[in-house]
Number of protein chains: 2
Amino acid sequence: MIEIPKPTLGRLPLYYRALVAANEGGIEILSSAELGENAGVDSAQVRKDLTYFGQFGRPGVGYNVVNLLAELERILGLKNPNEAVLIGAGRLGMAICNYPGFSRYGLKIVAMFDVDPAKIGEKLDGLEVFSLEKLERIVGKLGSQIGIITTPAPSAQQVANKLVAAGVRAIWNFAPVNLKVPPSIILRNEDLAVGLATLSHYLSGKK
Amino acid sequence: MIEIPKPTLGRLPLYYRALVAANEGGIEILSSAELGENAGVDSAQVRKDLTYFGQFGRPGVGYNVVNLLAELERILGLKNPNEAVLIGAGRLGMAICNYPGFSRYGLKIVAMFDVDPAKIGEKLDGLEVFSLEKLERIVGKLGSQIGIITTPAPSAQQVANKLVAAGVRAIWNFAPVNLKVPPSIILRNEDLAVGLATLSHYLSGKK
DNA sequence: TAGATTGTTAATCGATTAACAATC
DNA sequence: TAGATTGTTAATCGATTAACAATC
């Protein structure tokens, strides 16, 4: 099995989005150049990325929008969304819960946890907030595979430990901290400071 | 002038964070191995990254924490924060406004904009929310360099156009859409679907 | 001096881009 | 058939990793 480059994986949602838009616009065929244009990616890159998964186009014609949409849905696993729990029902946590069409992108948040007594037992956006103490039990019962950490940085490592103990396979960390987890755990950090550093470097450079 | 690799820029905040923690812990010297351990980066990578900006260590000894902290503050421009306006005072917008110690990372949000009449004129976290119609005038007056877009996807392009017209130099886009902006504009997309795609790929793979 | 660790060069690895034969 | 566009190989580019002389 050939390894998929990480950047390729990151571009698939961009293609998916461009295809959804094209489909809604009634467009039936898209060339790699057109698809790339709408996704912000070079046409050669588009073709190369897609060939990691199969041959979806017709030479001299292009890609069938509906067909390629279906392929990407399959590749991205959008039909069988992953179930996740979210820890930290603050603003960021709620924002993520409400990320537009998150379910559409293959994620379903099934429970929220917090330490704030004022939030525990409440329903936020139709989702009950549980005490952090119940994390291990509930994750075990639900069999959730993903834990999303949106707590303040100082609590994040402790929460990560609980998630690992509870048996999640992946952690999506939004707290600005370097988490230590066993190598078997899939860890993805979403770090705003990283984006900001890039931005401000270019700002200071191109005077 | 040597071009700084983008991945290097993204790792600087990780080093900065590790150094802050070390400094608070009273640690005065850190080797590249120790710094890398705390930042989640290989030691050779740490040394290589730092040499793009200068020579900050002492062979046989390591890096002086306070000294390197000061250098990184300078490199990241944390002493002269960039001023930004934020458009879209929803949950995500508010979450970003409250990102822990954002000011510490060199960003100061100076005004918020929204189209919701219920929000316009209100003060959210001490920041007044203005009508989107006033965007161009206020950005011009304040001379803001960065526009942060946290609107729903369908409005994002229109907001980006207004920001460009108003004269911002950089756009930090959180809406899941491919924005078209002139090449002179620095554009950074923060896209949750990208992270999710990566996570779910690995989840489905390592059965 | 002996031991440790930097800064830097060279080797490796991985991703992007260019080019084009095959195909519609 | 002539024109267009894919899939794929080869060339280029850029980043990471390894190795080690210089330095403390």
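Worth knowing before you read on, the calculation uses all heavy atoms, side chains too, and leaves out hydrogens, waters and symmetry mates.
- When rounded to the nearest whole Å, the span between CZ of A/Arg11 and P of C/dA15 equals 9 Å.
- Taking every side-chain heavy atom of A/Val61 into account, C/dC24 is the closest of C/dT5, D/dT9, C/dC24.
- Taking the side chain of A/Ser31 as heavy atoms from C-beta on, and the options C/dA15, D/dT6, C/dA10, the nearest nucleotide is D/dT6.
- To the nearest angstrom, C1' of D/dA15 lies 10 Å from CG of B/Asp49.
- Phosphate proximity of D/dG7 to A/Tyr63: present, with a side-chain N or O under 4.0 Å from OP1 or OP2.
- The distance from atom CG of B/Leu163 to atom CD1 of B/Ile171, rounded to the nearest 0.5 Å, is 5.0 Å.
- Dense packing is recorded around CZ of A/Arg74, with more than 12 heavy atoms of other residues, nucleotides or ligands lying under 6.0 Å away.
- Atom CG of A/Asp42 and atom P of D/dT8 are 18 Å apart (whole Å).
- Residue A/Ser32 is classed as a sugar-phosphate contact, given heavy-atom separations below 4.0 Å to backbone atoms only.
- Look at CD1 on A/Ile29: it is 14 Å from P on C/dC24, rounded to the nearest Å.
- Interatomic distance, CH2 of B/Trp172 versus CG of B/Asn189, reported as 12.0 Å (0.5 Å rounding).
- In this model, no donor atom of one side chain and acceptor atom of the other lie less than 3.5 Å apart for B/Asn38 and B/Glu34.
- Here D/dT6 presents its P atom at 12 Å from OH of A/Tyr15, a figure rounded to the nearest Å.
- Between B/Arg47 and C/dG7 there is no side-chain N or O to OP1 or OP2 distance below 4.0 Å.
- Atom CZ in B/Phe56 sits roughly 19 Å away from atom P in D/dT23 (whole-Å rounding).
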Inset, instruction - Give the intermediate values and the outcome of salt bridge (charged side-chain N to carboxylate O under 4.0 Å, His left out) for residues B/Lys180 and A/Glu37. - result: CA-CA 10 Å; B/Lys180 311 270 183 184; A/Glu37 168 73 16; 3.2 Å; yes
Inset, instruction - Starting at the 5' end of DNA chain C, write a dot or bracket for each base, bracketing those in Watson-Crick or G-U wobble pairs whose two distances are under 3.5 Å and using | for partners on another strand. - result: ..||||||||||||||||||||||
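- Computed from coordinates, the A/Glu3 CD to C/dA15 C1' distance equals 14 Å when rounded to whole Å.
- Looking at the side chain of A/Gln45, the nearest of the listed nucleotides C/dC24, C/dT16, D/dA15 is C/dT16.
- Relative to the side chain of B/Pro5, the nucleotides D/dA22, C/dT17, D/dA15 differ in distance, and D/dA15 lies closest.
- In this structure, B/Tyr105 and B/Tyr16 have perpendicular ring planes: the angle between them is above 60°, well past the 30° mark.
- In this structure, A/Leu30 places its CG atom 15 Å from C1' of D/dA4, rounding to the nearest Å.
- Note on A/Gln55: a side-chain N or O is less than 4.0 Å away from OP1 or OP2 of D/dT8.
- Considering every non-hydrogen atom in both A/Arg47 and A/Ser32, the closest pair reads NH1-OG, 3.0 Å.
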